[in-house]
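Below is one structure, written out as structure tokens, with a few remarks after it.
Quick note on labels: first sequence line is chain A, next is B, and so on, each numbered from 1. Atoms considered below: every heavy atom in the structure, side chains included; atoms not considered: hydrogens, waters and symmetry mates.
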There are 2 protein chains.
Amino acid sequence: MAKNSSKFATLGQQEADTADLESLVGYNLKRAYIIVEAHFREAVGKDGMSARVFSALSLTVSYPNITQIALARVMGIERSGLVAIVDELEAYGYLQRAPVPGDRRIQALVPTEEGLAAYNEALGLVRDKEERLLSDLTGVERQTLFALLKKIRRMEED
Amino acid sequence: MAKNSSKFATLGQQEADTADLESLVGYNLKRAYIIVEAHFREAVGKDGMSARVFSALSLTVSYPNITQIALARVMGIERSGLVAIVDELEAYGYLQRAPVPGDRRIQALVPTEEGLAAYNEALGLVRDKEERLLSDLTGVERQTLFALLKKIRRMEED
DNA sequence: TGATGTTTGTTAATCAAGTAAACAGTTTTT
DNA sequence: AAAAACTGTTTACTTGATTAACAAACATCA
């Protein structure tokens with residue numbers, strides 16, 4: 001079933017496109033993500049936030065007073081893994097763990113002024129970078145890409 | 001700029017779709033990949049190969065006699081990182097490091113019969129799983145998804 | 001009320017994937 | 001022949017993530 005056994009000697013961009021792997025969604029998704037993530041890092045700069053820290057800040061801005069457990073659920077990670085992320089954002093002074101009257105277990109996450117400013121600046125840079133990265137795609141193509149990715153994400157409920 | 005400040009109380013699937021993060025390609029790509037990767041693991045089973053080991057085997061089947069350095073380039077990883085992957089595949093008996101006459105630095109990677117069989121079985125399972133995962137997408141939608149992801153991948157050359 | 005169970009955030013140990021740097025052989029170049 | 005480059009490898013490290021155990025706080029209910 002190895003279609004390309006004889007092509008090894010001339011292995012290059014074109015030939016590689018015909019390998020089995022290229023017909024799998026997972027491989028293509030991962031390779032595309034690696035590129036987009038690299039552009040994200042370029043956008044936020046050498047000492048910028050990591051994608052997951054940016055995500056956490058973004059969601060805290062969109063949903064102020066969210067609890068850690070709710071944020072972990074939205075992000076799709078374990079609550080234990082979120083601790084370091086929130087620690088980092090708090091150390092930057094980008095958010096605070098605020099006590100919630102009525103339940104002393106919970107600490108609501110609220111972005112600070114600095115956090116909001118840093119977030120908006122980073123968001124602008126990231127949007128611009130993605131804009132340039134996707135400049136080859138038409139408006140319809142972009143909409144389609146988002147629609148298809150969200151359709152896959154909706155499959156989570158199995 | 002926090003559009004949804006007031007929606008926290010009712011945060012759920014619908015509201016989350018309107019957060020800033022949902023408009024970024026990177027976030028959507030990553031979330032989609034996580035799901036597809038989980039399905040991959042289900043497909044190959046509890047003790048099956050990891051995606052990267054499967055990828056390495058797949059490319060070795062598609063391009064037999066490929067060298068480690070060429071394989072690393074195709075996979076987009078460092079050659080040092082490939083050593084453990086090839087070690088693992090060799091330990092399974094799925095491929096061999098064959099000496100290349102004329103250059104004693106190089107070892108050509110050749111899949112064994114068992115490797116070919118294991119690969120084809122795994123490929124079938126993975127294809128079936130992806131087929132079911134993407135059953136909501138029309139043929140045109142799938143083609144479009146692949147085309148768009150490959151278009152992003154081509155942006156690598158910057 | 002008090003015992004039992006659950007929730008929230010946290011720590012610690014561990015794992016997987018990946019990088020960077022240094023190294024030994026082996027070829028290539030000058 | 002000497003210097004440079006290439007291939008595979010080891011080692012140390014970083015990042016992202018998970019599991020398990022735990023303490024404090026809250027909820028249930030007999």
What one should report as the nearest heavy-atom pair of B:Val140 and B:Thr144 is O-OG1, 2.6 Å
Atom CZ of A:Arg73 to atom C1' of C:dT7: distance rounded to whole Å? 9 Å
note: A:Glu78, atom CD; C:dT14, atom P; distance rounded to Å ~ 19 Å
One character per nucleotide, please: for nucleotides 25-30 of chain C, 5' to 3', B when the base has a protein heavy atom closer than 4.0 Å, S when only the sugar-phosphate does, - otherwise. BBS---
What donor-acceptor contacts under 3.5 angstrom involve side-chain atoms of residues 70-83 of chain B, with partners at least two apart or in another chain?
none

In plain terms, say whether B:Lys150 and A:Glu22 are close enough for a salt bridge, that is, a side-chain N and a carboxylate O under 4.0 Å apart. yes
Nearest whole angstrom, please: distance from the C1' of C:dT19 to the CD of A:Glu37. 13 Å
On DNA chain D, nearest-nucleotide positions of A:Arg79 versus A:Ser50: which is more 5'? A:Ser50
Students should find that the nucleotides of DNA chain D closing off the region near chain A, any atom under 4.0 angstrom from a heavy atom, are D:dG16 to D:dC26
Does a salt bridge link A:Glu37 with A:Arg41, judged by any charged N lying under 4.0 Å from a carboxylate O? yes
Give, for atom CG of B:Asn28 and atom CG of A:Leu145, the distance between the pair rounded to the nearest 0.5 Å. 8.0 Å
Atom pair CG/NE2 of A:Leu134 and A:His39 - distance to nearest 0.5 Å: 9.5 Å
Mind checking the CD1-CD spacing from B:Ile85 to B:Glu90? Nearest 0.5 Å is all I need. 13.5 Å
Listing request: all ring pair (Phe, Tyr, Trp, His ring centres under 6.0 Å) pairs with a residue in residues 112-150 of chain B, at least two apart in sequence or in separate chains. B:Phe54-B:Tyr119
Would you jot down, in residue-number order, the residues of residues 80-101 of chain A having a non-hydrogen atom under 4.0 Å from DNA chain D? A:Ser80, A:Gly81
Please report the distance, rounded to the nearest Å, between CD1 in A:Ile69 and P in C:dT6. 14 Å
Can you run down the ring pair (Phe, Tyr, Trp, His ring centres under 6.0 Å) pairs that involve residues 76-100 of chain A, sequence neighbours left out, and say none if there aren't any? A:Tyr92-A:Tyr94
Check the phosphate of C:dT7 against A:Gln68, side-chain N and O only, distance under 4.0 Å to OP1 or OP2. Yes or no? no
Where the side chain of B:Glu141 meets the backbone of A:Leu148, is there a donor-acceptor pair that is under 3.5 Å apart? no
Are more than 12 heavy atoms, taken from residues, nucleotides or ligands other than B:Gln96, located less than 6.0 Å from that residue's CD atom? no
